[in-house]
Amino acid sequence: MVDKANTIWLDGEFVPWDAANVHVLTHSLHYGLGAFEGIRAYKRQNGTHVFRLREHIDRLFDTCKLTLLAPRFTKEQMIEVCCETLRRNGMEEGYLRPMIFMGEGAMGIYAPNNPVRALVVAWKWGAYLGEEALKQGIRAKLSSFARHHINVSLAKAKMMGQYTNSVLAKREAKFGGYDEAILLDANGYVSEGSGENIFIVKRGVLQTPDLSSSILEGITRDTVITLAREMGLAVEETRITRDQLWLADEVFFTGTAAEITPVREIDNRPIGEGTVGPITRRIQERFFDVVRGGDTAHVEWLTKV
Ligand code: PPE
């Protein structure tokens with residue numbers, strides 16, 4: 001359950017948490033067209049900072065561009081609203097969820113004159129897959145659901161309706177007793193988790209699916225590629241097959257919510273030793289140092305609240 005905070009920003013004003021409601025004829029509720037983001041703010045020694053806020057808002061507007069939605073607020077306004085939402089709720093750490101969606105008015109698929117609405121809500125979100133998952137790693141399952149083909153949907157959009165694919169895959173994995181799903185793309189290559197990008201480590205080299213595949217262009221993925229290269233590790237953006245995944249020395253997920261979550265088993269096959277691998281551990285430590293620790297090598301990624 002999400003703990004209630006004080007206030008939510010809806011269409012330009014802050015309203016009490018319980019008053020932030022939308023009508024049942026909200027177009028996006030029926031048809032799923034809408035853009036959203038997930039952003040984390042961390043408490044650092046010198047105060048709360050939002051991690052890579054600019055890049056997340058850029059992606060929010062990219063999703064709007066891809067889906068032909070015209071937000072009524074600018075990027076600068078959305079950035080300020082994100083910070084203000086944290087301030088007004090007195091949150092030192094939290095998860096921000098901006099959303100641009102189609103409101104009520106006409107029904108039917110087209111409905112071009114329905115208002116384009118906007119919200120930003122913040123809540124406290126601990127480790128996405130649990131504290132234990134960060135420390136010990138998780139058990140994942142290849143999904144029977146394929147990731148959207150690049151021309152079936154919009155892989156580079158963080159679009160609301162697209163997430164039924166993720167929800168179906170996640171529920172299938174959980175009902176089967178696993179922690180998370182890994183989806184292959186429509187051609188059979190490894191794509192991503194239900195809400196995470198995926199990396200494998202083989203003979204000391206990191207590999208992750210390339211951007212022309214059906215993956216979301218994850219901001220944590222980019223963070224990890226940057227940090228890994230700075231640490232002297234080789235990173236390849238490439239196609240990965242199912243058997244390469246099973247035979248990897250290490251596997252981990254990346255995402256704003258999931259942060260760096262090690263994967264210790266896939267389809268009942270232990271990954272490496274079946275524990276968290278040494279490179280995964282190093283990357284995880286560096287990541288947490290950069291987002292909430294004392295590492296100041298990437299202050300350009302931090303927005304002070
Ligand atoms: N792939 C998918 C499908 C995805 O949803 C996410 C984020 C990522 C990759 C990683 O992207 P990034 O956060 O930029 O590194 N998933 C968000 C939603 C999770 C949820 O359950 O809601 C997130 O991590 O915030």
Side-chain angles (χ1 to χ4, degrees), residues 1-41 50 53 56-91 94-125 128 145 148 152-171 194-195 216 255-257:
M1 282 282 278
V2 168
D3 288 338
K4 275 188 202 179
N6 298 328
T7 182
I8 291 170
W9 181 86
L10 187 58
D11 296 321
E13 53 190 82
F14 283 94
V15 298
W17 181 278
D18 287 321
N21 301 313
V22 294
H23 197 271
V24 292
L25 289 184
T26 297
H27 193 273
S28 297
L29 181 65
H30 294 248
Y31 307 110
L33 193 75
F36 75 103
E37 272 303 320
I39 315 170
R40 272 192 194 267
V50 185
L53 177 56
H56 280 283
I57 297 300
D58 281 347
R59 190 171 64 187
L60 182 71
F61 279 68
D62 283 352
T63 301
C64 290
K65 179 178 186 174
L66 289 170
T67 53
L68 295 172
L69 279 171
R72 289 190 286 132
F73 300 90
T74 64
K75 285 186 185 181
E76 277 59 40
Q77 284 173 315
M78 295 304 288
I79 285 171
E80 176 49 28
V81 166
C82 284
C83 294
E84 187 62 15
T85 302
L86 292 167
R87 279 184 220 119
R88 292 204 186 203
N89 287 302
M91 274 186 201
Y95 182 87
L96 287 157
R97 169 60 49 86
M99 189 174 271
I100 309 287
F101 62 104
M102 277 174 72
E104 71 269 29
M107 287 309 280
I109 288 170
Y110 186 39
N113 299 319
N114 284 17
V116 176
R117 305 190 61 186
L119 65 83
V120 175
V121 54
W123 65 86
K124 290 218 159 69
W125 213 353
Y128 187 52
F145 293 95
H148 293 287
V152 167
S153 201
L154 293 162
K156 296 295 168 282
K158 201 164 168 67
M159 181 167 74
M160 291 164 56
Q162 200 151 267
Y163 274 78
T164 47
N165 178 247
S166 288
V167 175
L168 290 169
K170 179 79 181 194
R171 287 163 66 91
S194 70
L216 183 71
T256 299

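Along the sequence shown, the residues carry numbers beginning at 1.
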Give me the atom names and distance for the closest heavy-atom approach of Leu96 to Ala122.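 Heavy atoms only, the tightest pair is CD2-CB, 3.8 Å.
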Over all heavy atoms of both residues, which pair between Pro98 and Ile39 is shortest? Give the atoms and the distance, please.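 So the two residues come closest at CG-CD1, 3.8 Å.
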Any heavy-atom pair between the side chains of [Y] and [X] that's under 4.5 Å?
X: Phe14; Y: Arg88; answer: yes
X: His148; Y: Leu154; answer: no
X: Cys82; Y: Val50; answer: no
X: Tyr95; Y: Thr256; answer: yes

Spacing of [atom1] belonging to [X] relative to [atom2] belonging to [Y], to within rounding of 0.5 Å:
X: Leu33; Y: Thr67; atom1: CG; atom2: OG1; result: 5.0 Å
X: Arg72; Y: Gln77; atom1: CZ; atom2: CD; result: 10.5 Å
X: Asp58; Y: Lys65; atom1: CG; atom2: NZ; result: 11.5 Å

Evaluate the side-chain contact (heavy atoms from CB on, under 4.5 Å) criterion for residues Val22 and Leu29: first the C-alpha distance (whole Å), next the side-chain angles of each, then the deciding distance (0.1 Å), finally the verdict. CA-CA 9 Å; Val22 294; Leu29 181 65; 5.8 Å; no
Partners passing ring-ring contact (aromatic ring centres under 6.0 Å, His included) against Phe36 (at least two apart in sequence or in another chain):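 Only Tyr163 meet the ring-ring contact (aromatic ring centres under 6.0 Å, His included) criterion with Phe36.
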Determine all donor-acceptor pairs shorter than 3.5 Å in which one atom belongs to a side chain in residues 99-112; sequence neighbours excluded.
none

Can you confirm whether more than 12 heavy atoms, excluding those of Glu76, are under 6.0 Å from its CD atom?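 For Glu76, atom CD is crowded (more than 12 foreign heavy atoms under 6.0 Å).
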Does the Gln162 side chain pair with the main chain of Ala157, one donor and one acceptor, at a distance under 3.5 Å?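 It does hold such a pair.
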Classify the ring geometry of Trp125 against Trp123: parallel below 30°, tilted from 30° to 60°, perpendicular beyond 60°.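 Correct class here is tilted.
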